[in-house]
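Computed from a prediction, not measured in an experiment: that's the story for all the values here. Sequential numbering from 1 along the given sequence is applied to the chain's residues. Indexing begins at 1, ligand by ligand and atom by atom, following the structure's order.
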Amino acid sequence: MTQPSVYDQILDFGNRANPYPLYTELRQTPVSRADDGSYVVSTYREIVALLHDPRVSSDLRNRPDYPWTDESPGPGLPPFFISLDPPEHDRIRRLLMRHFGPPHDPDRIVSMTSGMAEIVGCLIDSLAGRNEADLVDEVAYPFPVTVICELLGVPREDQPRFRAWADGVIAAIDPTTGDFPTRQRRRDEVNAELGAYIGELADADRDRAGTDMLSELVTENGPEGRLARGELVTNMALLLIAGHETTVNLIANGLLTLLRYPEVLQRLRRQPELSARIVEELLRYEPPVQLLTSRTALEDIDVAGTTIPTGAPIVLVLAAGSRDPDHISHPDVFDPDRPDNEHLGFGGGVHYCFGAPLARTEAQIVLPELVRRLENLRLVSDPPPYRPNPLLRGPRHLPVEFDGVAPARAMRGRERRAA
Ligand code: HEM
């Protein structure tokens, strides 16, 4: 029997807990051709070049095996803007960004921080009187999901409904769950169901002057006009999904790493202001998004001595690039003190993560609180059980034990007024 390729071994669930030695092997050939015809790129310099290359498309309709045609157009919603190229991508991103961050709405995330601290406080309070917990189900999942629901204006109590749809869309990007046309069909069908739900919310919002993003977008009157209804619905679904699993994994991967590096955990307990550096190093060392499988070559592209042919799918292994020793020294050491930490955790180029400021803020709030309040925190099993997905990689559960729950810190006056 022939040995599976390094890329196939990375996709294999058996290697989910520690894919990093395989990434080291993969980087020996910066661009390799996988059995399914994709070109797998694993070194920092080459990944960055392709992230910025206009000959590389994120529009899946450019793939020769895209399942829908003009005669059979699929369930009807336009693609997510993450799956569009400029200029369409840029127009939608600008319209959404007006309600999410600088320059139009610079205070959106900052104004949410005291509310976020309160959500974290309540979740940790609910562990009082206990000595064990699953920190994925009890903190890492409910925290960012509550925040994204508040931001978008999605009722928190509907979570069981849209969790199943979000899980469905995420499963469909996992290359181990079927060939591309089958997964794309499944993803579009689930997205249409999620879109129908968001459409109902948008219609209800039209008469209500709320301050959440959905209400603002529905009543938008900016210089570039308003998103068409289909664009609004599909992209709100994208934000809801993107605000789910990724940040959950950053928090869970982060706690796991801190528990494996107890001296860093102790420093964070004493100096919560270290959390920004720690979160940045986590995004490099244990990134929630390990690879991007969504790119297609629009022309023949020469990279590191290999020609990626027109129409070929390209896989960018971000997690391998962020540990490339030609880019960063001692890449396999978790070192929040490293002076330079340029990583690929949020991607790069025109599709650089839209939610990065939110995700960073959430992780910077929750990690110091957990290590401060859960006394003598320890892992129950190492490695913990992982989710199946090789792209959005993280523990499914994080069982921990602790001796007690320290009281929440009293809110300072400024925080109380903002809350
Ligand atoms: C730690 C958490 C997160 C990580 C690691 C992460 C990572 C990424 C990465 C790697 C990309 C680039 C995808 C590509 O180039 O194809 C991306 C794009 C994106 N992310 Fe995130 N993300 C996180 C959290 C969030 C959150 C909370 C939101 C929503 C508020 C979000 C919304 C998006 C969107 C909409 C895009 C597409 C941007 C575009 O195409 O211009 N992300 N993210």
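- With Thr361 contributing its side chain and Pro357 its backbone, the two residues share a donor-acceptor pair below 3.5 Å.
- Geometrically, ligand 1 and His89 share a nitrogen or oxygen pair separated by less than 3.5 Å.
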Less than 3.5 Å apart, which donor and acceptor atoms pair up between the side chains of residues 232-240 and the rest of the protein, not counting sequence neighbours?
from	atom 1	to	atom 2	distance (Å)
Thr234	OG1	Pro78	O	3.1
Thr234	OG1	Asn191	ND2	3.3
Asn235	OD1	Phe81	N	2.8
Asn235	ND2	Glu231	O	2.9

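- Of all the atoms in ligand 1, the ones that sit under 4.0 Å from a non-hydrogen atom of Val350 are 41 (O).
- Side chain of Arg284 to backbone of Pro331: a donor-acceptor contact under 3.5 angstrom is found.
- Judged by the shortest distance from any of its heavy atoms, Gly345 lies inside the 4.0 Å radius around the atoms of ligand 1.
- Note on residues 295-304: no pairs pass salt bridge (charged side-chain N to carboxylate O under 4.0 Å, His left out), not counting sequence neighbours.
- Of the candidates Leu344, Ile148, Leu283, Ile148 brings a heavy atom nearest to atom 30 (C) of ligand 1.
- Within the 4.0 Å heavy-atom cutoff, Leu151 does not count among the residues contacting ligand 1.
- Checked by atom type and distance alone, the side chain of Thr246 never pairs as donor or acceptor with a backbone atom of Pro288 at under 3.5 Å.
- Ligand 1 is never approached by Arg360 to a heavy-atom distance shorter than 4.0 Å.
- When only modelled atom types and interatomic distance are considered, Asn62 and Thr296 share no side-chain donor-acceptor pair under 3.5 Å.
- Distances shorter than 4.0 angstrom do not occur between any heavy atom of Glu362 and any atom of ligand 1.
- For Arg63 and Phe180, the positive end sits near the middle of the six-membered ring, less than 6.0 Å away and at most 45° from its axis.
- Looking only at distances, a side-chain donor or acceptor of Thr24 sits under 3.5 Å from a matching main-chain atom of Tyr20.
- Between the side chain of Glu138 and the backbone N or O of Asp134 there is at least one donor-acceptor pair closer than 3.5 Å.
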Inset, instruction - Test side-chain contact (heavy atoms from CB on, under 4.5 Å) on Leu258 and Ile278 and set out the steps. - result: CA-CA 9 Å; Leu258 288 168; Ile278 289 177; 4.2 Å; yes

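- When hydrogens are left out, the protein atom nearest atom 1 (C) of ligand 1 is Leu250 CD2, 3.5 Å; that is the closest non-hydrogen contact.
- Of all the heavy atoms of Leu292, the ones lying under 4.0 Å from any atom of ligand 1 belong exclusively to the side chain.
- Close N/O approach between His351 and ligand 1 is found [any backbone or side-chain N/O within under 3.5 Å].
- Two residues are said to be in side-chain contact when any heavy atoms from C-beta on lie closer than 4.5 Å; Leu123 and Pro142 meet this criterion.
- For atom 21 (Fe) of ligand 1, protein N, O or S atoms closer than 2.8 Å were enumerated as Cys353 SG, with waters left out.
- Remark: Ile301 CD1 to Arg55 CZ distance equals 5.0 Å, nearest 0.5 Å.
- For residues 323-344, the set of pairs meeting the salt bridge (charged side-chain N to carboxylate O under 4.0 Å, His left out) definition, not counting sequence neighbours, comprises Arg267-Asp337, Glu281-Arg338, Arg323-Asp332.
- Under a 4.0 Å criterion applied to the non-hydrogen atoms of Gly243, ligand 1 contributes the atoms 26 (C), 27 (C).
- Within the 4.0 Å heavy-atom criterion, the part of Leu318 lying near ligand 1 is the side chain and not the backbone.
- Only the side chain of Leu238 comes within contact range of ligand 1, with a heavy atom under 4.0 Å; no backbone atom does.
- Some N or O of Arg295 is nearer than 3.5 Å to an N or O of ligand 1, by distance alone.
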